[in-house]
*Asks:* 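One structure, as structure tokens, below. Some questions next.
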Amino acid sequence: MDNKNVFVAIALSMAVLLFWGAFFETPRQVKENENLNNGQVTQNKKPQNEITPNITQEKIITEVSRKDALTKVDRIIIENEKVRGSISLQGAIFDDLSFKNYKTTLESDENVIFLNPKETSDGYYIETGWTSVGNKISVPDIDTIWKIKGNRVLNNNSKVNLEWNNGQGLTFVKTISLDEKYLFKINQQVKNNTSSEVSLYPYAQITRNKKPDDVMGFYILHEGFIGVFDGELKEDDYDDIKEKKIVRNANNGWLGITDKYWVTAVVPPKDQNFKSTFLYKDNYRANYILNSPVSISPKSSSSNEVKLFVAAKEVETVDGYAESEGIEKFDLTIDWGWFYFFTKPLFFVIDYLFKFSGNFGIAIVLITLAIRIIFFPLANYSFRSMAKMKAVQPEMVRLKELYKEDKVKLQQEMMALYRKEKINPASGCLPILIQIPFFFAIYKMLFISLEMRHQPFFGWIQDLSAKDPTTIFNLFGLIPWDPPGFLIIGIWPILMGLTMYLQQKLNPAPADPIQAKIFAFFPLFLTIILAPFPSGLVVYWTVNNILTIAQQWVIMRQTKVRTN
């Protein structure tokens with residue numbers, strides 16, 4: 001692929017994306033936020049203080065260790081095939097969960113810890129409950145001590161029942177179940193033993209004490225607040241929420257907080273209008289509350305169900321929940337990006353190749369080869385055009401020297417040359433532009449894929465989701481010195497840079513000497529820039545370059561163009 005045309009095409013594509021974001025998406029978001037602030041999108045409006053969940057507790061002191069916080073109160077034990085943890089009986093809070101099948105690092109035996117108690121500095125927890133109009137009715141809150149009725153262990157073969165009596169004739173019951181993977185269902189029941197009707201609002205809230213340290217902030221990946229409201233996906237960054245709370249109303253949907261590989265999400269009952277709020281107040285919170293109350297007649301009971309996901313973003317699992325639980329666009333918890341219809345099918349292809357080959361790195365090589373085969377005719381067309389351009393380059397140099405004082409005559413002579421040799425200078429760009437969506441899609445797919453995490457390739461690459469650990473600055477490990485991170489430029493990034501340089505040499509050089517120098521510098525520049533990227537991506541780029549060089553070399557041999 002012509003590096004010059006590639007970078008021009010990518011630059012144009014990014015300009016379009018930035019233009020759209022600046023002139024369409026941003027004003028639309030600003031208008032939406034203004035409407036929210038003005039109350040223009042609020043449905044079934046009620047006084048703000050009457051329908052807000054009782055989450056106004058004083059700031060929680062976060063100076064307790066995780067171990068001390070977990071032993072502070074009694075707990076329900078959670079364990080199935082995928083997760084291990086516990087639920088605090090103080091508040092019936094989900095605040096302790098780790099993923100059994102995922103380790104913190106390749107060398108560690110410690111499972112990834114996701115949820116943490118509220119008293120810890122990195123507290124991350126979920127609560128569900130009820131609130132009353134003006135908070136006049138005593139309801140369980142984050143400090144309520146619940147009683148266990150029966151079983152104390154929660155797995156996919158059992159349920160746990162919790163109970164609390166407010167001493168005023170109301171009994172609150174929670175029945176919690178867990179499937180074999182990541183789905184919790186909380187059935188919240190209220191028994192009204194009074195002589196009058198009671199109205200309560202169900203709610204659920206996810207709270208995170210601080211922004212994670214490893215949030216990358218890359219434009220290609222969203223990490224932060226996420227939700228689907230009446231079929232429309234909404235994504236808000238941590239910084240957005242810290243500046244201004246965002247309120248939305250919907251009849252169906254879900255909401256949560258997403259990381260690169262993990263997600264928490266709550267799903268309100270279907271076809272019941274709810275208000276969702278993303279806000280920051282000493283900590284980050286994502287909650288919903290039903291806009292219409294649940295009315296409990298005297299001497300009767302009523303219930304409400306909340307679905308809670310604390311999940312690793314496994315594609316098969318997430319898609320399975322979207323279908324089995326009927327949750328609209330739940331698969332978008334995985335950030336497939338703008339080229340969804342390319343990116344997601346590419347994942348299924350590489351996942352099949354991974355299962356077929358048993359090595360994710362080999363799967364990357366195979367999918368790269370497959371894409372080159374699909375685009376072989378387009379690439380041939382482009383390369384033939386570039387080969388012709390390279391063939392007439394000496395004549396173009398002669399014409400520029402001959403008519404350097406007469407730009408009009410130079411243009412006329414060059415157009416005559418193009419007609420004579422049957423060359424269209426723009427013909428090499430269109431095939432490249434057609435391939436741009438696939439370029440972004442495969443890059444996105446590999447970047448976000450949990451399935452590539454901690455997968456080995458060959459040799460020194462033991463984790464394709466991490467950067468190449470070798471570096472030229474200690475002679476790839478021969479010198480006993482650990483360079484700083486910005487000097488870690490490994491073997492695969494260097495191979496990528498070299499193949500990019502060779503590919504560039506096969507293409508006609510830009511006529512402008514300054515442009516020629518800039519493009520000559522690109523391979524080194526991109527080697528340094530892309531060295532910290534996941535090695536799986538670098539393997540893809542390198543293999544793609546090699547296949548491109550081979551195809552372009554054959555075309556040039558056929559057209560008898562010198563490549564020196």
Side-chain angles (χ1 to χ4, degrees), residues 1-25 216 218-222 232-233 235 260 313 315 319 329 331-354 363-383 385-386 426-452 496 499-500 503 507 522 526 529-530 533-534 536-549 551-552:
M1 189 178 291
D2 179 359
N3 277 344
K4 178 183 176 181
N5 288 337
V6 168
F7 289 116
V8 170
I10 292 175
L12 289 173
S13 300
M14 292 307 297
V16 170
L17 300 184
L18 292 173
F19 175 84
W20 183 267
F23 292 96
F24 291 92
E25 293 296 331
M216 287 170 282
F218 287 167
Y219 183 70
I220 194 172
L221 174 69
H222 172 70
E232 187 174 0
L233 175 68
E235 296 176 324
K260 181 177 182 180
K313 295 198 287 189
V315 176
D319 284 358
K329 296 185 178 180
D331 63 324
L332 297 184
T333 55
I334 300 174
D335 186 6
W336 296 111
W338 293 11
F339 298 110
Y340 173 95
F341 295 104
F342 294 142
T343 310
K344 194 169 182 180
L346 282 173
F347 169 80
F348 290 122
V349 173
I350 201 169
D351 188 55
Y352 171 80
L353 294 173
F354 173 40
I364 291 174
V365 174
L366 292 176
I367 197 172
T368 307
L369 179 61
I371 290 174
R372 295 305 310 176
I373 292 173
I374 291 171
F375 287 110
F376 185 85
L378 280 175
N380 263 10
Y381 181 77
S382 178
F383 292 156
S385 176
M386 287 185 287
S427 62
C429 290
L430 181 59
I432 294 170
L433 288 173
I434 294 173
Q435 297 175 62
I436 289 294
F438 286 87
F439 171 85
F440 281 114
I442 195 167
Y443 169 73
K444 176 86 170 184
M445 181 270 293
L446 292 175
F447 190 85
I448 67 172
S449 176
L450 171 62
E451 284 73 8
M452 191 173 77
M496 183 194 67
T499 55
M500 193 172 293
Q503 186 179 343
N507 298 326
F522 261 131
L526 290 178
I529 293 297
L530 301 178
F533 277 58
L537 285 169
V538 182
V539 169
Y540 158 67
W541 284 321
T542 306
V543 173
N544 185 65
N545 287 347
I546 292 171
L547 294 174
T548 302
I549 289 169
Q551 184 178 1
Q552 195 167 356

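Just so it is clear, the model here is predicted, and its values are computed rather than measured.
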*Asks:* Say you draw a straight line from OG1 of T548 to CE of M500; how long is it, rounded to the nearest 0.5 Å?
*Replies:* 10.0 Å
*Asks:* Which value, rounded to the nearest 0.5 Å, describes the distance between Y540 atom OH and I371 atom CD1?
*Replies:*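 Reported value, rounded in 0.5 Å steps: 5.5 Å.
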*Asks:* Which heavy atom of F533 sits nearest to which heavy atom of V538, and what is that distance?
*Replies:*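 The answer is O-CG2, 4.2 Å.
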*Asks:* Looking only at non-hydrogen atoms, find the nearest pair between W336 and T343 and report the distance.
*Replies:* O-OG1, 3.3 Å
*Asks:* What verdict does the side chain to side chain contact (heavy atoms under 4.5 Å, CB included) test give for V543 and I364, after you've listed the backbone C-alpha separation in whole Å, the side-chain angles of each residue and the deciding distance to 0.1 Å?
*Replies:* CA-CA 9 Å; V543 173; I364 291 174; over 6 Å; no
*Asks:* Would you compute the distance between atom CG of L366 and atom CD1 of I350 and round it to the nearest 0.5 angstrom?
*Replies:* 9.0 Å
*Asks:* Give a yes or no on this: more than 12 heavy atoms of other residues, nucleotides or ligands lie within 6.0 Å of atom OH of Y352.
*Replies:*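 No, OH of Y352 has 12 or fewer neighbouring heavy atoms, counting only those of other groups under 6.0 Å.
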*Asks:* To the nearest 0.5 Å, what is the distance between CD1 (I334) and NZ (K344)?
*Replies:* 7.0 Å
*Asks:* Looking at D335 and K260, is there a salt bridge between them, counting it only when a charged N and a carboxylate O are closer than 4.0 Å?
*Replies:* no
*Asks:* Should the pair F342 and F339 be assigned to parallel (<30°), tilted (30 to 60°) or perpendicular (>60°) ring geometry?
*Replies:*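 Judged by the thresholds at 30° and 60°, the geometry between F342 and F339 is parallel.
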*Asks:* Side chain to side chain contact (heavy atoms under 4.5 Å, CB included) for F347 and E451? Distances and angles first, verdict last.
*Replies:* CA-CA 10 Å; F347 169 80; E451 284 73 8; 3.6 Å; yes
*Asks:* Would the distance check show the side chain of K313 and the main-chain N or O of T333 forming a donor-acceptor pair, the cut-off being under 3.5 Å?
*Replies:*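 Yes.
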*Asks:* Which one of T368, T499, L530 satisfies the side chain to side chain contact (heavy atoms under 4.5 Å, CB included) criterion with W541?
*Replies:*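 Result: among T368, T499, L530, L530 is the only option passing the side chain to side chain contact (heavy atoms under 4.5 Å, CB included) with W541.
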